[in-house]
Each structure stands twice: as C-alpha cells, then as structure tokens.
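Below is one structure, written out as structure tokens; the observations come after it.
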2 protein chains.
Amino acid sequence: MKNECEFCSFKSKAALMLSDGEIGRLSDNCALVKLNKGDTVIKQGAFSTNVVYLRSGLAKIHISGPYYEQIVRIVKPPSYLALPTTFGDKINQYSVTVIEKAEVCFIDMIIFRYLLSINPSFSYEIMIELCRNELEVFYRCANRTQKQIRGKIADLLLEMSDQIYHSSLFSLPVSQSEIGNLIDASRESVSRVLTEFNKEGIINMKGKRIEIENRNTLLLISSNG
Amino acid sequence: MKNECEFCSFKSKAALMLSDGEIGRLSDNCALVKLNKGDTVIKQGAFSTNVVYLRSGLAKIHISGPYYEQIVRIVKPPSYLALPTTFGDKINQYSVTVIEKAEVCFIDMIIFRYLLSINPSFSYEIMIELCRNELEVFYRCANRTQKQIRGKIADLLLEMSDQIYHSSLFSLPVSQSEIGNLIDASRESVSRVLTEFNKEGIINMKGKRIEIENRNTLLLISSNG
DNA sequence: TTATATTTGTGATATAGGTCACAAATTCAT
DNA sequence: ATGAATTTGTGACCTATATCACAAATATAA
C-alpha cells in the first residue's frame, strides 16, 4: 500500500523540513502498514533495507541479552526506528514489536539517506532524535539502578499517564512480566506492588485498566526509593 | 591554544570527510587542551557552546541520578562529546570527567553545525557514532540486568583488556567504588570478587595493576551469570 | 620522606527482592 | 458464548548482595 506522505497528518518534525519535491520522493518509496499487538516490526539479526516510522500506536524495543530477551524501552510516535541499521551494516541490531495497534511506514533506506544528504534541516532533526534517545537511556539507566521497585513502578505509571496516554485513566499495554523485564524486577514483585498501590488507594486497578487516584503519592514514592 | 587540525594525527573518521577548506574552518575554531585525571570536561547543567572531541586519554560520562551521581559509560577516543548540547538546548545534559590524562578539543558549536550542514559525509559519520552509542547503551542495559557480579566484573576486565588497553596488563583507571557504580554493585562486592579472581589465579592484581592470567575462565564467567 | 587522605580487604549481619508453587482471574480464539 | 491459554495474586522460603565496621594498604601532597 502506497502512502501519500504529502497529506499525512502525522508528519514527524523532521519531515516538516522537506520540500514538496522531497516529500514526493519519500512518498514514492514509503509503505504504510497497519499492525496489531504482538506483530513484529523489526527482527534483530534480520537483513533490512528500510527505516521504519512509527506513526501511531505503541511499540517496544527489545534486544537479545545474555540469558533472555530484554525490553529496553517503549517507543511512542512519532519516532524513527531502525536508524542504526540505516547507518551501520544492514542487519537489525534490535527487535521492535507492536504493543498497541500501530501504523508504521516502511521507508526505503536509500531514499532516507538521500534526503539526509540533501536536506541539512531534515538531517538536523534526525540527529536531535538520536541524541534524545541517548539521553533517555542514560536517564533510565540511573533510575533503574538507584530506585527500588515501588519507585520504579511509580515512575512507570506516571510516565504512562503523563507521557503516553495523557490521561490518569489508561490500560496497561504490556503484561506484568513485561513490566518486570523493563524495570528489572520479577513478575511477582510487580504484581505485589501494584496490588499494594491498589489497596493503598493510590491507583484503582481492574485487570489492565488503571486509574491514577493519587498522583502526589506516586510522585512521593518515585522520589523516595 | 590553537589546534592545527590539518596536521592532527588523531583525526576522527568524520573529520577525514572534511575538505581542506573545511578543516581550516574547524582549525580556526578549535582549542586543544591537555587535561589530567579528575579534571572536568563537561559539567551537567552548565551552559555550553562547544562540542568536545576526545582525542586521547579516557573519560567517564556521568549523570546526576535520583540519589547519587551515576557513571553511565567510559569513553575512549576518538569520540565526540556534548552532542546533545549541540542539538538540543545549550545546557549540558551530562557530565564528563577525565579518568586518564587526556587531550581534548573544544570545537565551537556553530562551526560544528555549519560543517554538518554543508558536508553530508561528515554528518553521516556523526550519525553513525550516535547510533553506535545508542546500541552500546542497549547492550549494557541487558548486561547489567541479567548478569551477576562476577559476570559483570569479568566483562569489565575483558573490555579493559580488549577494547581499551589492547593488552592483558593494564592499570585500572578508576577506583573500586567507581567500578561498583558503573556495574551497579557495592564497592565491597567489587573488592571481594577481584580478590577472588586473584586467589583463583584468573588475574594477577597488585594495587591498580591488573594482569589477566586466564582469559578463558573470564570468558566462561562472563557467560555464566 | 613524612604525614594525610583515600582506597581496599574482609568478617558479621541484614534485607530487598528473587524463586517456587498453585489457585483465581482475565483474555483470546473459535 | 465457551473452553483453552495466558496472566495475575499471594504465601513460604531462599539467596545474592547490600551494609556496617574496622584494619591494612596505597596513593597524594607538602
């Protein structure tokens, strides 16, 4: 399916830098795909000639660790994926899997690199994204290490509510095991803490639906260990 | 002190992409500084208008975490630092401190961005570096989480020997507390493991001098937890 | 070189969070 | 809707590693 990028209402900040002609080139080499929860967007180790633009939905980035698959971060749109594939060798260095019904554009890598080479503003915006990613991982790194489980879960809930869903009521896009994997804790501990928070009236949880009832207490727990 | 970049024998791969004229521009806006262990290269929170090129020596990147300063990685040359400052706001988002006598070039950010905008090959190489950084943090992330202390220290020793010093005999550039901070362990545990390795004949340690005696066992421990 | 500050080694003890096991609840596919 | 598969809740128990507390060893500065 061909995407009409010129009329796309989910353009990335970088894509806004492109001229009409450039957008046309992009459009001709870009395929929009709708994906469901669990679908693989990028498979680590596979050969690829595409950059992927996450246009809507949610995905997780995970890599194969020494003992098991490790989720390294949740990605929300707008976001470019597989950039290391574009710039390094053509083998995907991590996997990306949809965790919430997503629209994704597969962009031919040659065109993407061509656009980078002729449009410095486009290139500049992509660099900003790369830097932001790096900083985010740094920040997570310190957080993962220094906080205890209650703090890490409080953080995650606040992030979901503030950064991802922009609402105090949302449905967790991942299982408790995946949360555990992401924040470096066992599934059982995640369950225990979530239940605690529920009993303490901090959140109201039924199934995967969560409503944050007491944001301030979460903030407190987040900065307490 | 003005640096004569055209004659620099420690050029980055990116800098090799620059034309003579471009190198000249760089040279005019670049200051070479020699720094000692403990010297601050970049201070998180401070305003900056420079990119920093690590030309020789070693440095650590650390950020302020929720409870204490967290070392996120050791940087070896050639490497550009403070790129997020260049691309985002002008405030440094992390600190960089020298851990082994270093030479560093402070490059005016305006020139750096100018070169990026006119030279796509230069820009391309910088993007490769940004991507490599991201992947490296992903990898570390999985490692830190999934391995036990012996495995993490084995990894660190192998990295020092293979990646940093290219020799089985080297002197640790950081204290055991810093190692603990980097691999997410207490100083005491680091000491115990290093002592164990020493007694087990895997390494030969006196003071900060370490010689790797049994590389294979280290590899084994590294992939064992 | 000498004094001072920092780093390291090691035993004793404490604990956060992991692991196991199984029942209950949800979610998914037909 | 219905049965199968997955996810969640929770008690009992375990363990890797943190903490504490010093003494010994090294590194640093005067």
Side-chain angles (χ1 to χ4, degrees), chain A residues 36-39 60 66-68 70-71 97-101 143-154 156-157 171-200 203-210 221 224-225, chain B residues 36-39 65-68 70-71 97-101 143-154 156-157 171-200 203-210 221 224-225:
Chain A
N36 290 312
K37 178 162 186 157
D39 290 348
K60 60 176 179 184
Y67 301 107
Y68 50 86
Q70 177 78 46
I71 304 176
T97 304
V98 171
I99 56 174
E100 197 165 281
K101 198 184 268 291
N143 243 29
R144 255 198 237 229
T145 303
Q146 296 180 22
K147 284 189 183 169
Q148 300 185 233
I149 296 194
R150 281 174 64 95
K152 292 193 276 191
I153 293 188
L156 186 77
L157 293 173
S171 180
L172 283 174
V174 287
S175 70
Q176 293 183 2
S177 326
E178 285 174 292
I179 293 178
N181 183 309
L182 179 65
I183 67 171
D184 184 18
S186 71
R187 184 224 109 210
E188 292 91 331
S189 297
V190 172
S191 176
R192 275 184 252 269
V193 169
L194 247 18
T195 307
E196 272 168 39
F197 283 2
N198 201 32
K199 283 184 183 144
E200 293 165 16
I203 60 174
N204 186 321
M205 169 174 64
K206 52 164 107 103
K208 293 212 176 296
R209 284 258 125 201
I210 285 192
I221 292 170
N224 244 335
Chain B
N36 290 310
K37 178 162 187 156
D39 289 349
Y67 301 106
Y68 50 86
Q70 178 77 45
I71 303 175
T97 304
V98 172
I99 57 173
E100 198 165 281
K101 199 184 266 291
N143 243 28
R144 253 197 239 230
T145 302
Q146 295 180 23
K147 285 189 182 168
Q148 299 185 233
I149 297 193
R150 280 173 65 96
K152 292 193 277 189
I153 293 187
L156 186 77
L157 293 174
S171 179
L172 283 174
V174 288
S175 70
Q176 294 184 0
S177 324
E178 285 174 293
I179 293 177
N181 182 311
L182 179 65
I183 68 171
D184 184 16
S186 71
R187 185 223 109 210
E188 292 91 331
S189 297
V190 173
S191 176
R192 274 185 254 268
V193 169
L194 248 17
T195 307
E196 271 168 42
F197 284 2
N198 201 33
K199 282 182 184 146
E200 292 164 17
I203 61 174
N204 186 321
M205 169 175 63
K206 52 165 108 100
K208 295 213 177 294
R209 284 257 126 201
I210 286 193
I221 292 171
N224 246 337

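Small disclaimer: the values here were computed from a predicted structure and weren't measured. In what follows, chains are A, B, ... by sequence order, proteins preceding strands, each numbered from 1.
- We find that CG of A:N36 is positioned 13 Å from C1' of C:dC28, with the value rounded to whole Å.
- Proximity of B:S191 to the phosphate of C:dG9: a side-chain N or O atom is located under 4.0 Å from OP1 or OP2.
- OP1 or OP2 of D:dG9 lies within a sub-4.0 Å distance of a side-chain N or O belonging to A:Q176.
- Within the 4.0 angstrom heavy-atom criterion, base atoms lie near A:S186.
- Judged by distance alone, with hydrogens and angles left aside, A:R192 brings no side-chain donor or acceptor close enough to the base of C:dG18 to form a pair under 3.5 Å.
- Between the side chain of B:R187 and the base of C:dG9 there is at least one donor-acceptor pair of N/O atoms closer than 3.5 Å.
- Protein atom OH of B:Y68 is 13 Å distant from nucleotide atom C1' of D:dT19, rounded to whole Å.
- Residue B:K199 is the one, among B:K199 and A:R209, whose nearest nucleotide of DNA chain C lies closer to the 5' end (criterion: closest heavy atom).
- By the 4.5 Å heavy-atom criterion applied to side chains, A:L182 and A:V174 are not counted as neighbours.
- Between B:V98 and B:N36 there is no side-chain heavy-atom pair separated by less than 4.5 Å.
- In this structure, B:K152 and B:K37 both approach DNA chain D, and ranking their closest nucleotides by distance from the 5' end singles out B:K152.
- Counting to the nearest Å, the C1' atom of C:dT8 and the CD1 atom of B:I203 are 13 Å from each other.
- Here the straight-line distance linking atom NZ of A:K37 with atom NZ of A:K101 works out to 12.0 Å at 0.5 Å rounding.
- In this structure, B:K208 places its NZ atom where more than 12 heavy-atom neighbours from other residues, nucleotides or ligands lie under 6.0 Å away.
- Between B:T195 and C:dT8, a side-chain N or O to OP1/OP2 separation shorter than 4.0 Å is absent.
- Shown here for B:I183 and B:R144, the closest heavy-atom pair between the two residues is O-CG, 4.3 Å.
- Here the side chain of B:S189 is nearest to one of D:dG9, C:dG18, D:dA18, namely D:dA18.
- Within 4.0 Å of B:S175, counting heavy atoms only, lie sugar-phosphate atoms of the nucleic acid but no base atom.
- At whole-Å resolution of the value, NZ in A:K206 and C1' in D:dT8 are 17 Å apart.
- One interatomic measurement links the two molecules: CG of A:D184 to P of D:dA16, which rounds to 16 Å at whole-angstrom precision.
- In this structure, the CD1 atom of B:I183 is 13 Å from the C1' atom of D:dA18, given to the nearest Å.
- Atom CD1 of A:I153 and atom C1' of D:dG9 are 14 Å apart (whole Å).
- Among the nucleotides D:dA21, D:dG9, C:dT27, the one closest to any side-chain atom of A:K208 is C:dT27.
- Straight-line distance from the CZ atom of A:R150 to the P atom of C:dA16: 12 Å, rounded to whole Å.
- Closest to the B:E188 side chain, of the nucleotides D:dT19, C:dA21, D:dA18, is D:dT19.
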